[in-house]
Enquirer: 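Structure below; questions to follow.
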Amino acid sequence: AQSVTQPDARVTVSEGASLQLRCKYSYSGTPYLFWYVQYPRQGLQLLLKYYSGDPVVQGVNGFEAEFSKSNSSFHLRKASVHWSDSAVYFCVLRNTGNYKYVFGAGTRLKVIA
Amino acid sequence: GPKVLQIPSHQIIDMGQMVTLNCDPVSNHLYFYWYKQILGQQMEFLVNFYNGKVMEKSKLFKDQFSVERPDGSYFTLKIQPTALEDSAVYFCASSYRVNQDTQYFGPGTRLLVL
């Protein structure tokens, strides 16, 4: 069965600091992987996606993620966070055989001054 | 970017009543999805829909649930009758294609069944 684990329910970082949000997945093949962000009272917005190729993918607003098949991970990174990055971040998996997304529980990021 | 709208944003109803949740997908999208998120839990897939038919559904998609998109208007999720455990946030999503494609999500409808 497929699953996605985001081990950190909440992360607090200072503005300007670097960020890593962790994501581990369970899937026997190579999945499609996504990071979405959800701001209050808004829909989920796509940050970046990985299908194949270069394991480091660039997204919007300076975010990037690195796919590791050996570690079954897809961690999200940002070199310098801004207060507006405060939101809930979801790691999402979709296998190549069907249409549904499998979500992680989300990580709530708080950026403090 | 493309936007998916959901109407209403909140709905409170009594157990046993019928409720219809409405989704206005991205205009040229062909595939539609509903997800359910119970408070404090992970978002879970309910159903997807293409060309007038349910393509895939999960065990959460009970017999009391139905989906349709009459005449290319709203994509709807109907629950009849509702139960207490249906209280959740329901997210609609749409995509243009299904393979390797990105789903765009609405802001959710918060349903409370009393």
Side-chain angles (χ1 to χ4, degrees), chain A residues 1-10 23-27 29-53 57-61 63 65 67 87-108, chain B residues 1-10 23-26 29-51 53-61 67 88-110:
Chain A
Q2 312 135 47
S3 66
V4 176
T5 301
Q6 292 180 248
D8 305 308
R10 294 176 182 273
C23 172
K24 300 272 285 184
Y25 69 89
S26 174
Y27 177 61
T30 299
Y32 300 144
L33 292 161
F34 308 80
W35 276 98
Y36 280 82
V37 61
Q38 185 178 31
Y39 300 101
R41 293 173 297 282
Q42 296 185 30
L44 281 72
Q45 299 172 30
L46 180 70
L47 281 179
L48 47 79
K49 58 190 176 186
Y50 173 80
Y51 291 153
S52 64
V57 291
Q58 305 295 323
V60 298
N61 297 335
F63 285 94
F67 169 69
V88 181
Y89 292 78
F90 292 94
C91 182
V92 182
L93 171 156
R94 205 201 76 167
N95 76 33
T96 56
N98 64 33
Y99 316 108
K100 62 182 182 182
Y101 276 10
V102 176
F103 282 80
T107 296
R108 185 175 296 276
Chain B
K3 287 209 183 297
V4 175
L5 303 178
Q6 290 188 242
I7 303 156
S9 59
H10 295 78
C23 172
D24 188 7
V26 178
H29 283 186
L30 304 174
Y31 295 85
F32 312 106
Y33 314 80
W34 283 103
Y35 293 83
K36 177 182 180 181
Q37 186 177 33
I38 294 173
L39 186 65
Q41 298 185 22
Q42 277 164 252
M43 194 176 307
E44 292 192 85
F45 170 81
L46 279 177
V47 66
N48 55 29
F49 188 85
Y50 168 72
N51 198 26
K53 300 190 188 96
V54 170
M55 299 174 69
E56 188 179 16
K57 58 185 180 181
S58 73
K59 61 182 186 305
L60 296 179
F61 193 78
V67 291
V89 181
Y90 291 84
F91 290 92
C92 170
S94 69
S95 65
Y96 179 60
R97 297 183 307 266
V98 67
N99 192 36
Q100 281 202 0
D101 207 13
T102 300
Q103 294 178 22
Y104 292 86
F105 287 81
T109 293
R110 283 145 188 82

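The structure presented is a predicted model; accordingly, all values stated were derived computationally and were not measured.
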Enquirer: Could you state the interatomic distance from CZ (Phe105(B)) to CD (Gln45(A)), rounded to the nearest 0.5 Å?
Expert: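 It comes to 12.0 Å.
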Enquirer: Please determine whether the number of non-hydrogen atoms from other residues, nucleotides or ligands lying under 6.0 Å from atom NZ of Lys24(A) exceeds 12.
Expert: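 Atom NZ in Lys24(A) is crowded, with more than 12 foreign heavy atoms closer than 6.0 Å.
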Enquirer: Verify the ring-centre separation between Tyr33(B) and Tyr101(A): is it less than 6.0 angstrom?
Expert: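 Not close enough - the centres of the two rings lie 6.0 Å or further apart.
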Enquirer: Start with the C-alpha distance between Tyr36(A) and Met43(B), add both sets of side-chain angles, then the distance that settles side-chain contact (heavy atoms from CB on, under 4.5 Å), and finish with yes or no.
Expert: CA-CA 12 Å; Tyr36(A) 280 82; Met43(B) 194 176 307; over 6 Å; no
Enquirer: Quick check on Glu44(B) against chain A: is it the side chain, the backbone, both or neither that has a heavy atom closer than 4.5 Å?
Expert: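 No part of Glu44(B) comes within 4.5 Å of chain A.
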Enquirer: Can you tell me which portion of Leu46(A) sits under 4.5 Å from chain B's heavy atoms? Options are side chain, backbone, both or neither.
Expert: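 Answer is side chain: those atoms of Leu46(A) sit under 4.5 Å from chain B.
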Enquirer: How long is the straight-line distance from CD of Gln42(A) back to NZ of Lys3(B), given to the nearest 0.5 Å?
Expert: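 Reported to 0.5 Å precision, the distance equals 6.5 Å.
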Enquirer: Compare every heavy atom of Thr102(B) with every heavy atom of Phe34(A), then report the nearest pair and how far apart it is.
Expert: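 Closest approach of Phe34(A) to Thr102(B), heavy atoms only: CE2-OG1, 4.4 Å.
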Enquirer: Of the backbone (N, CA, C, O) and the side chain (C-beta and beyond), which part of Gln38(A) lies under 4.5 Å from a heavy atom of chain B, both, or neither?
Expert: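 Only the side chain of Gln38(A) comes within 4.5 Å of chain B.
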Enquirer: In terms of heavy-atom contacts, does CZ of Arg108(A) have more than 12 from other residues, nucleotides or ligands at under 6.0 Å?
Expert: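 Counting neighbours around CZ of Arg108(A), 12 or fewer heavy atoms of other residues, nucleotides or ligands fall under 6.0 Å, so no.
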Enquirer: Using non-hydrogen atoms and a 4.5 Å limit, figure out which bit of Val4(A) sits close to chain B: side chain, backbone, both or neither.
Expert: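 Contact with chain B: backbone only.
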